[in-house]
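Being a predicted model, the structure only gives us computed values, none of them experimental.
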Amino acid sequence: MEVAPSGASLVNPQREKLLSAGIIEERDGDYYFTQDYLFNAPSTAAAFVLGRNANGWVEWKDKNDATLSELHRDTITTDEDA
């Protein structure tokens, strides 16, 4: 729930918006999503959850500790790579 100074201008307004809309709610000192919500970028979602500026491509990981970048960006090949 705490927001670092570096993320305050992005995170606080978005949290207030989602609280007002009923998309998140506060329970026992934590925020919980009440429904699915699509963020416009992985980094926006990571910053929202972590309460600070964040690079979602490296913060989001699967159960095997692979980052979102490793799973999606780094696997894209171009014609030159093939």
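Annotation: Tyr31 is not in aromatic contact with Phe48 [ring centroid separation under 6.0 Å not met].
Under a hydrophobic clustering in which Ile, Leu, Val, Met, Phe, Trp and Tyr are joined whenever their side-chain heavy atoms come within less than 4.5 Å, directly or via other members, Val11 and Leu19 fall into different clusters.
You'll find the side chain of Ile24 stays beyond 4.5 Å of the side chain of Thr34, heavy atoms only. Taking 4.5 Å as the limit, some side-chain heavy atom of Val49 sits within range of a side-chain heavy atom of Trp60. Considering only heavy atoms from C-beta on, Leu68 stays 4.5 Å or farther from Lys61 through its side chain. With contacts defined as side-chain heavy-atom distances shorter than 4.5 Å, the pair Trp57/His72 qualifies.
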Inset, instruction - In sequence, state the C-alpha distance, the side-chain angles, and the governing distance for Glu2 and Arg52, and then conclude on salt bridge (charged side-chain N to carboxylate O under 4.0 Å, His left out). - result: CA-CA 9 Å; Glu2 292 186 29; Arg52 61 172 172 77; over 6 Å; no
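Once rounded to the nearest 0.5 Å, the distance linking CZ of Arg15 with CG of Leu10 reads 10.0 Å. Remark: Glu59 CD to Asn53 CG distance equals 10.5 Å, nearest 0.5 Å.
Across Ala46 and Ala54, no two heavy atoms sit closer than the pair CB-CB, 3.8 Å. Taking both residues in full, the closest heavy atoms of Gly56 and Ser43 are given as N-OG, 2.9 Å, listed atom of the first, atom of the second, then distance.
Although no hydrogens or angles enter the test, the distance criterion places no donor-acceptor pair under 3.5 Å between the side chain of Thr67 and the main chain of Val58. Side chain of Glu26 to backbone of Gly29: a donor-acceptor contact under 3.5 angstrom is found.
Classified by interplanar angle (parallel below 30°, tilted 30° to 60°, perpendicular above 60°), the ring pair Tyr37/Phe33 is parallel.
Judged as a side-chain hydrogen bond (donor to acceptor under 3.5 Å, both in side chains), and not counting sequence neighbours, the contacts of Asn40 are Thr44.
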